[in-house]
> 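Below you will find the structure I want to go over with you.
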Protein chains: 4
Amino acid sequence: MAYFVIDESRLYLDERLMMEEKLGTSKRERILSAAISVLAERGFHRTKIKDIAQEAGVADGTIYLYFKNKDHLLIDLFEEVMSRALNLFEEALKDKERADQQLEAFLLTHLRIVELEPEVAQIISVVLRQSETFIGEYKNPFFSEYLNIIAKILKQGMETGVFRADISIPIISRAIFGAMDELALAWLLSNKREDEVLEMAAQDVVTLLLDGLQIQSSE
Amino acid sequence: MAYFVIDESRLYLDERLMMEEKLGTSKRERILSAAISVLAERGFHRTKIKDIAQEAGVADGTIYLYFKNKDHLLIDLFEEVMSRALNLFEEALKDKERADQQLEAFLLTHLRIVELEPEVAQIISVVLRQSETFIGEYKNPFFSEYLNIIAKILKQGMETGVFRADISIPIISRAIFGAMDELALAWLLSNKREDEVLEMAAQDVVTLLLDGLQIQSSE
Amino acid sequence: MAYFVIDESRLYLDERLMMEEKLGTSKRERILSAAISVLAERGFHRTKIKDIAQEAGVADGTIYLYFKNKDHLLIDLFEEVMSRALNLFEEALKDKERADQQLEAFLLTHLRIVELEPEVAQIISVVLRQSETFIGEYKNPFFSEYLNIIAKILKQGMETGVFRADISIPIISRAIFGAMDELALAWLLSNKREDEVLEMAAQDVVTLLLDGLQIQSSE
Amino acid sequence: MAYFVIDESRLYLDERLMMEEKLGTSKRERILSAAISVLAERGFHRTKIKDIAQEAGVADGTIYLYFKNKDHLLIDLFEEVMSRALNLFEEALKDKERADQQLEAFLLTHLRIVELEPEVAQIISVVLRQSETFIGEYKNPFFSEYLNIIAKILKQGMETGVFRADISIPIISRAIFGAMDELALAWLLSNKREDEVLEMAAQDVVTLLLDGLQIQSSE
DNA sequence: CATGAATGAGGATTCATTCAT
DNA sequence: CATGAATGAATCCTCATTCAT
């Protein structure tokens, strides 16, 4: 007899899954995507859980099935986004051999990502830093993976004689990140009007850095 | 005899001022100073007006006699602090003639300020950006004065043949600010343990920048 | 078998509704009822949202799910109560044909409502006018529906020759409302001790009004 | 020697007194006058002590030298204003002998006062009732003097056979006050545009009342 | 008497989070 | 898993009142 009883929850689940597959998005992804859009526009404290839920088309409570709380939604979001970015970096670097070429590719990729996904960039450059919890909990591994890539490039460059070796890798890595991040921020806050500038910016910084990193003959 | 009549109201005023001078603080300054200390420690949203009031030894309401609201306390604080910093920069640059010397002095001064007043630095590098209102209202003139100084040095350097002229001044200015700010932030978040590193950091960045900015002979 | 499967979500809904019906109150009605009781006792500004919430047995925040804010709680309350009163007036008038009978019935009904629901009367005669917002937003349609009923009776009375026609309907309507409202207020502020007086008051005013409204033979 | 010492406070006092005499106003009167103006415009709770002080040209604290607190400023204001009004009523009635003439004069005077001093009227009809304290403390002697005048006229009218004697004097007095007050309120809230209407209103109400109060021959 | 800087109690409102359904 | 009604802690700011001058 039981065979004829329709399990509604399952039915709905199937329907839901079908709908989601159609949209190509799991519920978690829908929430993350909604969060990116709303957070980028309004900032952390002006964004309400309800806003994200509405944008994602789910109930408020649903968000708590996928994320521990508002702060951790941001943290998870960051990790997700960062891992995507790291893949892009890896992709961009894999066919470059010389360290200077790698550095150039890396910096260009950074700004290209900013241009292609300004909302994600806005979150990384602005929103993350609005959450006291994020700042507090992420002190150490903040952007360590990102920094690692630069550090690796610098190290390889020094070892292969492409870059000077008389400067500190962690410090220069950090400085490079800061420079790129600030350029991205300036572009984001300027309403992204000067579209091409960002590419040009990269060129100038690359020029400056590569020359500065060159082994200095006489001095 | 009238000459000897003491104007009491004036006496009291003087006494009050003397007392304040002894403490080195008007009430407004006491509040600002308390705000710096508390904000640097807890961040913008975790800092309650009551916290600042207690630290300053005044009543909550007193804060509103001197500042429009919590956001504007931060804004006023920023302006006060920024103008002090600009004076220090001016001081540091006034006896340097060559642009490269000026740039070096400027960058060293930046990090020296961070070391001397880490709380102020913390506010500028971290807390300001936690206030959506600050970000919103300060989009344009954000750190424009700071950027102007770098830009002026770069311009002079290019005109006097000390610096290469084939790169964009606004972009490089911005990048330099970002680099310095990030170094400061890293030091601040690392609990300021590696005290000397900051000075050394400056040296490495200065080296890199000056060499990068040099007119490149062969290329 | 599927026919017999109980839809649980619906069941729970029903149970909740049943429970509420048992108490005769949806949550919104519970809040309104609590508001009437507390507001009537303490007045608008002495009534705290927390007081109403406690009286209604809900959390403070729940009130804001049903009402925009404290002022609009009062406005919604007024509209609810006014529409109930208008129904009672309609009921009382429907089987009266002659205008003088209608006027008498109307005035008696007014004071009867005051006696039956003194808290509601207190709110209309006293509390509403304590809210600057209510006064401001309700200038025009203040008690217009109430006034309309009187005006209609007067008009019919004049047309059918029951009432004199040499006086202004809007003015007399207003004056009648003022007279009734003041009697109600006096009774309410006197702690409702002189219970029968209100009925008697009606009789005297009715007598006076009907004679005053009569067509005067010689003059 | 003391003779030559200039007592500044006395000097200032004299100057102040002179100034006040010139303006014809004591400080207390200036405050009351300012209060009337500000209270009438903004209502009780929207009026801040600071507003009144500014309008009066005195310091906030000065108000507390003349009035116990904000609520009692309103109470004192009411008493001052009421006593002025009672004088006007007395004046208007003193040469009328017959009760019906007195009643007519009284009602006309009421509305005339409203027209001449709309701010005072606004305070009596609107502002007083916004103060929970006023309502609470003034329950009994609310407008008793005003009511007494009407009652006296009614009594005399009944005794001299001008008015019918089969109705309750307190009730009719109250009703008359309510009617007049409501007409005044309607006019005040309508932005006082229909200037002449108020006089006409009086006529209609007088007509109605006098006829209603007439001894009814046949009934 | 007059001042007005300082006080600090007080409360409406928001919103992240929970949990019964 | 999903919902969204309900919760209630948490806080900025106002403003009547005081009192040292």
Side-chain angles (χ1 to χ4, degrees), chain A residues 9-10 12-13 16-17 27-28 45-54 57-71 73, chain B residues 7-16 27 45-53 57-71 73, chain C residues 7-16 27 45-53 57-71 73, chain D residues 9-10 12-13 16-17 27-28 45-54 57-71 73:
Chain A
S9 69
R10 204 160 252 272
Y12 288 140
L13 183 59
R16 185 158 44 75
L17 286 177
K27 194 153 285 193
R28 185 171 188 278
H45 290 97
R46 285 186 182 161
T47 294
K48 315 303 168 198
I49 288 291
K50 192 176 281 292
D51 299 335
I52 298 175
Q54 270 170 1
V58 301
D60 298 13
T62 304
I63 290 179
Y64 290 85
L65 298 175
Y66 295 96
F67 306 94
K68 190 181 162 196
N69 57 34
K70 193 182 168 190
D71 279 297
L73 167 56
Chain B
D7 179 339
E8 281 189 55
S9 69
R10 209 155 246 274
L11 174 67
Y12 287 138
L13 182 60
D14 285 350
E15 277 180 347
R16 183 156 50 78
K27 196 149 287 191
H45 291 97
R46 285 187 181 162
T47 294
K48 312 307 168 195
I49 287 293
K50 191 176 283 293
D51 299 334
I52 298 175
V58 300
D60 298 14
T62 304
I63 291 179
Y64 292 87
L65 296 177
Y66 296 95
F67 305 96
K68 192 181 161 197
N69 56 34
K70 196 182 165 190
D71 279 298
L73 167 56
Chain C
D7 180 339
E8 281 188 55
S9 69
R10 210 156 245 276
L11 174 68
Y12 287 138
L13 182 60
D14 286 350
E15 277 180 349
R16 182 156 51 78
K27 196 149 286 190
H45 292 96
R46 285 186 180 162
T47 294
K48 311 306 168 197
I49 287 292
K50 192 176 281 294
D51 300 333
I52 297 174
V58 300
D60 297 15
T62 304
I63 291 179
Y64 291 86
L65 297 177
Y66 295 95
F67 305 95
K68 192 182 162 196
N69 56 34
K70 196 183 166 189
D71 278 298
L73 167 56
Chain D
S9 68
R10 203 159 253 272
Y12 287 141
L13 182 60
R16 184 159 43 77
L17 285 177
K27 196 152 284 193
R28 185 171 188 278
H45 290 97
R46 286 187 181 159
T47 293
K48 314 304 168 197
I49 287 291
K50 191 177 282 293
D51 299 334
I52 297 175
Q54 270 169 1
V58 300
D60 298 14
T62 305
I63 290 179
Y64 290 85
L65 299 175
Y66 295 95
F67 305 95
K68 190 182 163 197
N69 57 33
K70 194 183 169 190
D71 279 296
L73 167 56

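This structure is a prediction, so every number in the text was calculated from the model and none was measured. In what follows, chains are A, B, ... by sequence order, proteins preceding strands, each numbered from 1.
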> In whole angstrom, what separates D:Gln54's CD from E:dT3's C1'?
14 Å
> E:dG4 C1' sits how many Å from B:Tyr66 OH, rounded?
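Computing the B:Tyr66:OH to E:dG4:C1' distance gives 11 Å.
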> Short question: side chain of C:Lys27, backbone of C:Tyr66 - any donor-acceptor pair under 3.5 Å?
no
> Once side-chain contact (heavy atoms from CB on, under 4.5 Å) is applied, do any residues pair with C:Arg46, and if so which ones, sequence neighbours excluded?
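Listed in chain order: C:Arg42, D:Glu132, D:Thr133.
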> Drop me the distance from D:Phe67's CZ to D:Ile63's CD1, to the nearest 0.5 angstrom.
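If we round to the nearest 0.5 Å, D:Phe67:CZ and D:Ile63:CD1 are 8.0 Å apart.
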> So, using side-chain hydrogen bond (donor to acceptor under 3.5 Å, both in side chains) as the criterion, who are the partners of B:Lys50 when residues are at least two apart?
B:Asp60
> Output one letter per nucleotide in nucleotides 13-19 of chain F: B when a protein non-hydrogen atom lies under 4.0 Å from the base, S when only the sugar-phosphate is that close, - when neither is.
BBSSBB-
> The criterion is side-chain hydrogen bond (donor to acceptor under 3.5 Å, both in side chains); which residues satisfy it with D:Asn69, sequence neighbours excluded?
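Testing D:Asn69 for side-chain hydrogen bond (donor to acceptor under 3.5 Å, both in side chains), a comparison that skips the adjacent residues, returns D:His72.
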> Name all stems that contain residues of DNA chain E, defined as runs of 3 or more consecutive Watson-Crick or G-U wobble pairs, both distances under 3.5 Å.
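Consecutive-pair runs (3 or more) involving DNA chain E: E:2-21 with F:2-21.
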> In whole angstrom, what separates C:Arg46's CZ from E:dG11's P?
12 Å
> Keeping A:Lys48 on the side-chain end and A:His45 on the backbone end, is there a donor-acceptor pair under 3.5 Å?
yes
> Rounding to a whole Å, what distance do you find between C:Ile63:CD1 and F:dA5:C1'?
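To the nearest whole Å, that distance equals 15 Å.
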> Nearest whole Å is fine: how far is E:dT13 C1' from C:Phe67 CZ?
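Rounding to the nearest Å, CZ of C:Phe67 and C1' of E:dT13 are 16 Å apart.
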